[in-house]
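Shown next, in structure tokens, is the structure this report addresses.
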Amino acid sequence: MQQPLRFGIIGCGKIAPRHAAQAVLHGRLTAVCDIIPERAQALAQPYNAQAFFSVDEMLQAGLCDVIAVCSPNGLHSTHTIAALEAGCHVLCEKPLSISTADALQMEKTAIAAGRKLFVVKSTRYNPALAALKELIRNGSLGELLSFQLTCLWNRPAAYYANSWKGRLDMDGGTLFTQFSHYIDALLWLTDDELTAASGYRRNHCHQEEIEFEDEGIAAVQLSKGVWGGITWSVNSFRKNMEVSLSLLGTKGSVRIGGEYMNRVEYQLLEQGSLDIAESGGPNDYGAYQGSMSNHDHVYLNLVKALADGEHPFANAKDGIRTVSAIETIYKSLSLR
């Protein structure tokens with residue numbers, strides 16, 4: 001009989017319990033690692049996993065087939081490369097990295113090691129987004145002309161306190177930590193790459209807490225000629241307001257929105273329709289909320305992709321495309 005998959009987790013912060021809960025549905029959680037011993041032990045104990053406080057020691061123990069990298073953004077490349085070189089497949093939390101050069105090195109390492117590298121793109125499993133992808137694929141929108149992506153959330157000063165979040169070297173920026181799922185959604189839906197950007201960004205309300213922007217507006221162009229705007233902010237009053245995407249095509253117009261891009265808000269199509277009820281809830285972290293929680297779909301498809309190389313699942317190339325897009329925006333928009 002085939003042995004169950006052995007999963008490990010590097011980084012036992014707030015997203016790690018979602019990985020642990022799904023890992024044990026598809027195999028065993030054998031090891032977890034965090035530099036804060038209490039966090040590693042707290043995650044390990046319910047699953048009878050072994051707690052480590054050093055990534056090298058965890059990997060040298062050889063207890064894992066698949067590693068979920070849940071460490072701070074700025075450590076994703078280091079931890080992913082180490083896990084791949086140790087012979088493990090890797091599922092990396094978003095973003096894949098905070099630089100295109102690092103992301104490309106991660107992909108290169110996976111190829112050299114003969115291991116698979118995947119990235120969490122959980123928003124792709126939002127029912128409204130998945131239905132819109134099929135609508136575009138079957139030509140119901142016709143030729144895509146333009147888009148507007150709007151991301152308006154709330155992140156108070158307390159969110160950044162005593163954390164790697166807000167540090168340029170570990171966080172990378174608001175588009176990496178808060179909104180990379182939605183940059184990915186845009187590129188996935190259009191099957192395209194972002195090639196040019198202009199606009200503005202500034203740190204207006206978080207000058208004491210973060211080293212980058214808390215809001216921005218960009219005019220961008222994709223490689224196939226589609227263009228549009230991206231507006232983002234973490235200054236929404238008291239709570240998350242919306243993440244919406246409007247697409248205009250020659251045969252129809254659609255807007256999906258809600259707090260987490262989970263609701264069809266407008267549609268007018270020459271043929272067909274999006275008949276999707278609002279569904280799903282956010283990742284709830286107590287003091288704030290994140291994107292929709294779809295890690296059940298992520299792990300179900302991870303296991304399928306490990307068994308079948310043709311199964312569609314977000315891989316290194318998908319992660320690189322998102323990182324490159326965000327890097328292009330940041331390099332093109334100076335911080336004011």
Side-chain angles (χ1 to χ4, degrees), residues 7-16 18-19 31-36 39-40 52-60 64-122 163-181 183-184 187 193-194 210-212 290 295 298 302 305-306 313-331:
F7 290 93
I9 298 174
I10 296 175
C12 300
K14 292 183 177 180
I15 198 65
R18 298 190 183 276
H19 284 265
V32 302
C33 180
D34 199 283
I35 60 172
I36 300 175
R39 278 207 310 215
F52 292 87
F53 320 125
S54 159
V55 171
D56 288 342
E57 289 181 7
M58 173 181 167
L59 296 176
Q60 288 170 7
C64 306
D65 304 307
V66 184
I67 298 288
V69 173
C70 302
S71 49
N73 300 348
L75 296 175
H76 283 184
S77 59
T78 299
H79 291 157
T80 293
I81 288 171
L84 291 167
E85 290 179 339
C88 302
H89 302 294
V90 173
L91 173 65
C92 184
E93 261 295 343
K94 60 81 183 169
L96 185 63
S97 71
I98 56 175
S99 86
T100 305
D102 285 346
L104 289 169
Q105 185 59 45
M106 294 160 77
E107 180 186 42
K108 182 178 178 180
T109 303
I111 294 170
R115 301 289 87 185
K116 295 182 178 181
L117 171 57
F118 303 111
V119 61
V120 173
K121 300 292 187 183
S122 53
S163 170
W164 55 268
K165 297 182 179 74
R167 288 173 47 188
L168 191 59
D169 64 335
M170 286 290 110
D171 184 315
T174 301
L175 288 179
F176 279 120
T177 301
Q178 271 69 55
F179 301 129
S180 65
H181 278 313
I183 300 293
D184 170 71
L187 301 177
E193 298 182 4
L194 192 153
I210 66 177
E211 299 174 350
F212 40 76
H295 282 72
V298 170
L302 165 68
L306 287 172
F313 189 57
N315 57 27
K317 292 190 183 304
D318 296 290
I320 292 166
R321 182 169 61 177
T322 303
V323 172
S324 176
I326 295 173
E327 195 170 58
T328 295
I329 293 171
Y330 279 159
K331 287 181 176 179

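- Looking only at distances, no side-chain donor or acceptor of Asp318 sits under 3.5 Å from a matching main-chain atom of Arg321.
- How far CD of Glu193 is from CD1 of Ile320: 10.0 Å, rounded to the nearest 0.5 Å.
- To the nearest 0.5 Å, the span separating CZ on Phe53 from SG on Cys33 amounts to 8.5 Å.
- The backbone N or O of Asp65 lies less than 3.5 Å from no partner atom in the side chain of His89, so there is not a single donor-acceptor pair.
- Ile81 is listed as a side-chain neighbour of Gln105, based on a closest heavy-atom distance under 4.5 Å.
- Smallest separation of non-hydrogen atoms from Ala68 and His19: CB-ND1, 3.7 Å.
- Residues Val323 and Ser99 share a closest heavy-atom pair of CG1-C, 3.5 Å.
- Of all heavy-atom pairs between Leu168 and Phe212, the closest is CD1-CD2, 4.0 Å.
- The shortest distance between side-chain heavy atoms of Glu107 and Leu104 falls below 4.5 Å.
- A distance-only check finds a donor-acceptor pair linking the side chain of His76 to the backbone of Pro95 [under 3.5 Å].
- Considering all non-hydrogen atoms of both residues, Ser97 and Met106 come closest at CB-SD, 3.9 Å.
- Between Leu75 and Met170, the closest side-chain pair of non-hydrogen atoms falls below 4.5 Å.
- Within the 4.5 Å cutoff, side-chain heavy atoms of Ile326 are placed close to those of Ser180.
- Contact record, Ser324 with Thr100: CA-OG1, 3.4 Å, taken as the closest heavy-atom pair.
- Judged purely by atom type and a 3.5 angstrom limit, Asn73 uses its side chain to pair as donor or acceptor with the backbone of Asp171.
- Put simply, the side chain of Phe52 does not reach to within 4.5 Å of the side chain of Leu59, judged on heavy atoms.
- Contact between Ala325 and Ile183 at its shortest, heavy atoms only, is CB-CG2, 4.0 Å.
- The shortest side-chain heavy-atom distance between His295 and Ile15 falls under the 4.5 Å cut-off.
- Around atom CD1 of Ile35, no more than 12 heavy atoms belonging to other residues, nucleotides or ligands sit under 6.0 Å away.
- Side chain to side chain, Thr322 and Lys94 fail the donor-acceptor criterion of an N or O pair below 3.5 Å.
- Thr80 contributes atom OG1, which lies 6.5 Å from atom CG of Leu96 (distance to the nearest 0.5 angstrom).
- Put simply, the side chain of Phe7 does not reach to within 4.5 Å of the side chain of Leu91, judged on heavy atoms.
- Counting heavy atoms from C-beta on, the side chains of Met58 and Cys64 come closer than 4.5 Å.
- In terms of modelled atom types and a separation under 3.5 Å, the side chain of Lys116 and the main chain of Ala305 share a donor-acceptor contact.
- The residue from Lys14, Arg18, Glu93 that alone fulfils the side chain to side chain contact (heavy atoms under 4.5 Å, CB included) condition with Cys70 is Glu93.
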